[in-house]
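Since this is a predicted model, take the numbers as computed values, not measurements. Computed from heavy atoms alone, side chains included, the values below leave out hydrogens, waters and symmetry copies.
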Amino acid sequence: QIAPQTPLTILYTAIIDQQREQYEQAWHGYEQYQALGYQDIAVYRALANLAMHHLKDTNKAQTILEAALQKYPWDINL
């Protein structure tokens with residue numbers, strides 16, 4: 001049985017929502033995952049991508065990328 005509130009379930013549900021073009025749900029899932037203390041670089045990239053391309057909020061995308069750069073200054077994938 002899948003536990004609905006475990007971190008990986010939340011993360012994978014957000015990924016699936018993004019693939020299904022359920023962008024608001026994906027956004028909520030990624031934020032919920034981060035709120036649990038998980039700060040994966042891929043989640044920052046996903047949030048920035050959603051903000052820029054689907055929510056059309058360039059300021060939010062920039063803020064997300066700046067936060068990611070503070071945590072991962074040497075990551076060339078940002």
Side-chain angles (χ1 to χ4, degrees):
Q1 184 174 6
I2 297 174
Q5 294 303 314
T6 62
L8 286 179
T9 301
I10 293 168
L11 176 61
Y12 290 135
T13 300
I15 292 167
I16 291 166
D17 286 338
Q18 187 172 359
Q19 291 174 342
R20 292 177 50 221
E21 299 180 2
Q22 302 295 317
Y23 302 123
E24 294 290 335
Q25 288 175 273
W27 182 272
H28 175 72
Y30 288 130
E31 284 189 325
Q32 186 179 8
Y33 181 74
Q34 283 190 324
L36 293 172
Y38 298 94
Q39 303 295 314
D40 302 343
I41 191 74
V43 174
Y44 280 103
R45 282 195 309 266
L47 284 168
N49 179 50
L50 284 172
M52 183 72 177
H53 299 289
H54 303 293
L55 304 178
K56 306 297 184 197
D57 189 336
T58 56
N59 291 329
K60 190 175 281 193
Q62 182 175 352
T63 299
I64 292 165
L65 290 175
E66 287 172 357
L69 284 170
Q70 290 295 316
K71 290 186 180 289
Y72 304 101
W74 302 108
D75 195 304
I76 60 171
N77 295 310
L78 290 172

Student check: side-chain heavy atoms of Tyr33 and Val43 closer than 4.5 Å: yes
Tyr30 vs Ile10, side-chain contact (heavy atoms from CB on, under 4.5 Å): CA-CA, chis, key distance, verdict: CA-CA 8 Å; Tyr30 288 130; Ile10 293 168; over 6 Å; no
Stepwise side-chain contact (heavy atoms from CB on, under 4.5 Å) test for Asp17 and Trp27: CA-CA 9 Å; Asp17 286 338; Trp27 182 272; over 6 Å; no
Side chain Asp40, main chain Ala42, donor-acceptor under 3.5 Å: no
Considering all heavy atoms, the nearest Ile64-Ala51 contact: CD1-CB, 4.3 Å
Whether Tyr44 and Tyr72 hold their rings parallel, tilted or perpendicular, with breakpoints at 30° and 60°: perpendicular
CA sep, side-chain torsions, deciding dist, call: Glu24, Leu55, side-chain contact (heavy atoms from CB on, under 4.5 Å): CA-CA 8 Å; Glu24 294 290 335; Leu55 304 178; 3.2 Å; yes
Distance-minimising heavy-atom pair for Tyr23 and Gln18: CE2-O, 3.7 Å
4.5 Å side-chain heavy-atom contact, Leu47 and Gln34: yes
Linked, directly or transitively: Ile41 and Leu8 (ILVMFWY side chains, under 4.5 Å): yes
Joint cluster assignment, Leu50 & Tyr38, ILVMFWY side-chain distance < 4.5 Å: yes
Nearest non-hydrogen partners of Ala61 and Ala48, listed with the distance: CB-O, 3.7 Å
side-chain contact (heavy atoms from CB on, under 4.5 Å) between Ile15 and Gln19, intermediate numbers included: CA-CA 6 Å; Ile15 292 167; Gln19 291 174 342; 4.0 Å; yes
Main-chain N/O of Gln5 paired to Thr9 side chain as donor or acceptor, under 3.5 Å: no
